[in-house]
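What follows is one structure encoded as structure tokens, with my remarks underneath.
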Amino acid sequence: MNDGQELRVGIAVLGTIGKALAKAIDAGIPGVRLAAVAARNQAAAEDWLASLRHSPPVVSFDAMAELCDVVVECAPAALLGDIAAPVLKAGKTIIVLSCGALLEKQELVELARVHGGHIHVPTGALLGLDAVIAAAEGHIRSVRMITRKPVRGLLGAPYLAEHGIDIDAIEEPLRIFSGTAREAATGFPANLNVAVALSLAGVGPDDTHLEIWADPALTRNTHSIVVDSDAARLEMTIENIPSENPKTGRITAQSVVALLRKFGAPLRMGT
Ligand SMILES: NC(=O)C1=CN([C@@H]2O[C@H](COP(=O)(O)OP(=O)(O)OC[C@H]3O[C@@H](n4cnc5c(N)ncnc54)[C@H](O)[C@@H]3O)[C@@H](O)[C@H]2O)C=CC1
Ligand SMILES: O=C([O-])CC(=O)C(=O)O
């Protein structure tokens, strides 16, 4: 934090989640200031930011690491390393939404360790990570998740093209994937970060089992989880209303807002 104990937050980049976050911070979160934004198109970003009460500068990923205490990564997964590395080298905190990409970028965890930085994966579009983390302090026997999404929320996933699966015209629910969270992270990089978040909270990406269904009758991105442990059995379902980006639930940005609020709060709920 800076001298005024104000948390300077950076947003990389200004997509669906980034814009929702920028608006929420601008509307006011105690002790939090939007200090910088990174975007591919600087002029378009500056235009959009002009509607905020306090519009922050549009800067490079490197400059953002200097100007901010916490950077929120909400970019295409391929940019995770470019955004996170300077933040971690500066010993600061990165909040990672594209957490599926963390599996291929374990060197970021080492960077955090060496430089005293932190990587924070929020609950995002999921639920119950607090209980899963607590269960992992004991012995978890199994973690299973079933994701059902409207067709629009799955289109473009590399797994579909690689396996010649055409979901455009399906009329019944179709199971399109059954495997581990690690396999889902490569096959569905923009759709299944939640499975990786669950796996990192619990038993890891190779032991977290996942089914993905495309369901033409659904309007919500639905994740159902069953965890069996020596302390508790958890059964949880979340039905996410999609944002303007059909792959991304509205609640994702709200999860980050809640986390930022927690940084400055005298009473902090949850694990
Ligand atoms: N952890 C979780 O629970 C969730 C994670 N996510 C992930 O969060 C990330 C952001 O999601 P959304 O905001 O919905 O995505 P989005 O597609 O709305 O926004 C991404 C933005 O990145 C911009 N962009 C593309 N290439 C760029 C480049 N080279 N440099 C700078 N900007 C570039 C695009 O123009 C777009 O504005 C995605 O990786 C998504 O998979 C999404 C939902 C839930
Ligand atoms: O996992 C994701 O990245 C997004 C998702 O399923 C949701 O918003 O429900």
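Counting starts at 1 for both ligands and their atoms, following the listed order. For this chain, numbers begin at 1 and follow the sequence in order.
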Run the numbers for me: atoms of ligand 1, each under 4.0 Å from some heavy atom of [X], listed by number.
X: N245; result: 12 (P), 14 (O), 15 (O), 16 (P), 17 (O), 18 (O)
X: V13; result: 21 (C), 22 (O), 23 (C), 31 (C), 32 (N)
X: G124; result: 3 (O)

Shortest protein heavy-atom distance from [atom], along with the residue and atom involved:
atom: atom 18 (O) of ligand 1; value: T16 OG1, 2.6 Å
atom: atom 3 (O) of ligand 1; value: A125 N, 2.8 Å
atom: atom 1 (N) of ligand 1; value: L97 O, 2.9 Å
atom: atom 20 (C) of ligand 1; value: P76 CD, 3.9 Å
atom: atom 14 (O) of ligand 1; value: T248 OG1, 2.7 Å
atom: atom 36 (C) of ligand 1; value: G15 CA, 4.0 Å

Table of N or O contacts for ligand 2, cutoff 3.5 Å:
residue, atom, partner, partner atom, Å
ligand 2, 1 (O), N191, O, 3.0
ligand 2, 1 (O), N193, N, 3.4
ligand 2, 1 (O), V194, N, 3.3
ligand 2, 3 (O), N193, ND2, 3.3
ligand 2, 6 (O), K149, NZ, 2.9
ligand 2, 6 (O), N191, O, 3.4
ligand 2, 6 (O), H223, NE2, 2.8
ligand 2, 8 (O), G249, N, 2.5
ligand 2, 9 (O), H223, NE2, 2.9
ligand 2, 9 (O), N240, ND2, 3.0

Indicate, as side chain, backbone, both or neither, the part of [X] found under 4.0 angstrom from ligand 1 when only non-hydrogen atoms are considered.
X: L126; result: neither
X: A75; result: backbone
X: I17; result: both
X: N193; result: side chain

Verify, without hydrogens or angle tests, whether [X] (side chain) and [Y] (backbone) share a donor-acceptor contact under 3.5 angstrom.
X: K105; Y: C99; result: no
X: D228; Y: R141; result: no
X: T252; Y: G249; result: yes
X: T123; Y: L126; result: no
X: R8; Y: A35; result: no

Would you say [X] and [Y] make side-chain contact, with heavy atoms under 4.5 Å?
X: P242; Y: T248; answer: no
X: M145; Y: H209; answer: no
X: I225; Y: L198; answer: yes
X: P246; Y: P150; answer: no
X: N193; Y: L97; answer: no

**Request:** Just go through R40, R250, K19 and tell me whose heavy atom is the nearest to atom 33 (C) of ligand 1.
**Result:** R40
Return a yes/no value for [X]: is any of its N or O atoms, backbone included, closer than 3.5 angstrom to an N or O of ligand 1?
X: T252; value: no
X: N191; value: no
X: G249; value: no
X: L79; value: no
X: S98; value: yes
X: K247; value: no

**Asked** Would the number of heavy atoms belonging to other residues, nucleotides or ligands and lying under 6.0 Å from CD of E183 be above 12?
**Response** yes
**Prompt:** Are there more than 12 heavy atoms of other residues, nucleotides or ligands under 6.0 Å from atom CD of Q106?
**Reply:** yes
**Request:** For E107, enumerate each residue passing the side chain to side chain donor-acceptor pair (under 3.5 Å) test, keeping only those at least two apart in sequence or located in another chain.
**Result:** none
**Asked** Hey, does V194 sit under 4.0 Å from ligand 1 if you only count heavy atoms?
**Response** yes
**Asked** Any heavy atom of A190 sitting closer than 4.0 Å to ligand 1?
**Response** yes
**Request:** Quick one: list whatever passes ring pair (Phe, Tyr, Trp, His ring centres under 6.0 Å) with H118, sequence neighbours left out.
**Result:** none
**Prompt:** Who else is in L67's hydrophobic cluster (ILVMFWY, side-chain heavy atoms under 4.5 Å, direct or via others)?
**Reply:** V13, V59, F61, M64, V71, L79, L80, I83, V87, L88, I94, V96, L102, L103, L108, V109, L111, I119, V121, V196, L200
**Request:** Please determine, by modelled atom types, if E73 and S98 share a side-chain donor-acceptor pair under 3.5 angstrom.
**Result:** yes
